[in-house]
Amino acid sequence: MNYKKLVIIILLVPQVLFAQKKEENNGLQQRAYLVKTLTKIADPVLMALSKGELVKTMPIESRNNLDRTGCTYLEAFGRLMAGMAPWLELGPDNTAEGKLRKKYIDLSIACIKMRRIPIIRII
C-alpha cells in the first residue's frame, strides 16, 4: 500500500466512525422547531409592547458609545415584524399553527395600535 492511500484512509476513518447519524428529520419536525424558536423570540417583545411595557422590560445593550435608546424599541419591533411577516402572511386557519398565527397577528395589530413605541430622538 502506498503512502498516499494510507494517509487518506487514516483521515477518513475517524469521519466514518464518528459521523453523526442523521435522523429521519422530516419537514414537519423542522417547521415545528422553527415555529417554536420564532415564538420564543417574539413573545417577550410582542407581549410587553401590546401592554405598553416594552420600555420597562427590555434591556438595552450597546457595544459602542452611541446612544441608541431612542430607537432600540422601534428597531426590535421592526426587525421582528420583518422576520415574522412571511409566516403571518399565511393567515389563520384551523390547524394548531394557524391558530398560533392568529394569536401573533392579533398581537402585532395591538402593538401597532399601541403607538407608544419610542422613536428616534432628534438631537
Side-chain angles (χ1 to χ4, degrees):
M1 187 179 271
N2 83 28
Y3 177 71
K4 289 182 183 179
K5 288 183 183 178
L6 183 61
V7 169
I8 291 173
I9 291 172
I10 290 172
L11 291 174
L12 290 178
V13 167
Q15 292 181 5
V16 172
L17 292 177
F18 299 109
Q20 292 180 355
K21 305 289 183 201
K22 287 190 177 182
E23 295 179 18
E24 292 298 320
N25 198 4
N26 63 24
L28 294 177
Q29 290 172 331
Q30 290 176 353
R31 187 171 185 92
Y33 171 76
L34 291 173
V35 169
K36 180 181 174 186
T37 304
L38 175 73
T39 57
K40 184 177 179 181
I41 293 168
D43 270 345
V45 175
L46 294 180
M47 296 299 252
L49 185 56
S50 68
K51 297 174 187 173
E53 299 173 353
L54 184 63
V55 176
K56 295 178 199 172
T57 60
M58 184 176 148
I60 298 176
E61 297 176 7
S62 179
R63 292 185 181 195
N64 52 30
N65 293 333
L66 297 175
D67 182 21
R68 299 192 42 86
T69 56
C71 61
T72 302
Y73 309 104
L74 180 60
E75 185 177 350
F77 180 67
R79 287 178 185 263
L80 183 62
M81 287 295 97
M84 289 182 74
W87 182 67
L88 294 176
E89 186 65 25
L90 294 173
D93 55 34
N94 291 329
T95 64
E97 185 180 320
K99 292 174 184 175
L100 193 60
R101 272 195 304 271
K102 172 75 171 132
K103 171 189 169 186
Y104 285 100
I105 289 168
D106 293 343
L107 268 174
S108 301
I109 292 170
C111 291
I112 292 169
K113 287 180 178 179
M114 183 56 69
R115 296 188 184 196
R116 291 187 186 167
I117 305 172
I119 57 171
I120 300 172
R121 287 182 272 159
I122 299 174
I123 299 173

Can you list, pair by pair, the side-chain donor-acceptor contacts under 3.5 Å of residues 42-50, counting residues two or more places apart and other chains?
| from | atom 1 | to | atom 2 | distance (Å) |
| --- | --- | --- | --- | --- |
| Asp43 | OD1 | Tyr104 | OH | 2.5 |
| Asp43 | OD2 | Tyr104 | OH | 3.3 |
| Ser50 | OG | Leu46 | O | 3.1 |
| Ser50 | OG | Met47 | O | 2.9 |

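Going from atom NZ of Lys99 over to atom CG of Asn94 covers 6.0 Å, rounded to the nearest 0.5 Å. Between the CG atom in Leu100 and the NZ atom in Lys102 there is a gap of 12.5 Å [rounded to 0.5 Å]. In this structure, CZ on Arg79 lies 13.0 Å from CD1 on Ile41, to the nearest 0.5 angstrom.
Ser108 approaches Met81 most closely through the heavy-atom pair OG-CE, 3.3 Å. Closest heavy-atom contact between Thr57 and Pro59: O-CD, 3.3 Å. Minimum interatomic distance between Ile105 and Pro92 (heavy atoms only, all atoms of both residues): CD1-CD, 3.9 Å.
A single hydrophobic cluster is not seen to contain both Val35 and Tyr33; linkage of ILVMFWY side chains at heavy-atom distances under 4.5 Å, directly or through other members, places them apart. Neither Leu90 nor Leu34 shares a network with the other; the hydrophobic side chains, linked directly or stepwise wherever heavy atoms of I, L, V, M, F, W or Y lie under 4.5 Å apart, form separate groups for each. Under the 4.5 Å side-chain heavy-atom criterion for ILVMFWY residues, a single connected hydrophobic cluster contains both Leu107 and Ile109.
Proximity of a side-chain donor or acceptor of Arg101 to a complementary backbone N or O of Leu88 within less than 3.5 Å is not detected.
Side-chain contact between Lys36 and Lys40 is absent, with no heavy atoms from C-beta onward closer than 4.5 Å. A heavy-atom distance below 4.5 Å is found between the side chains of Trp87 and Met84.
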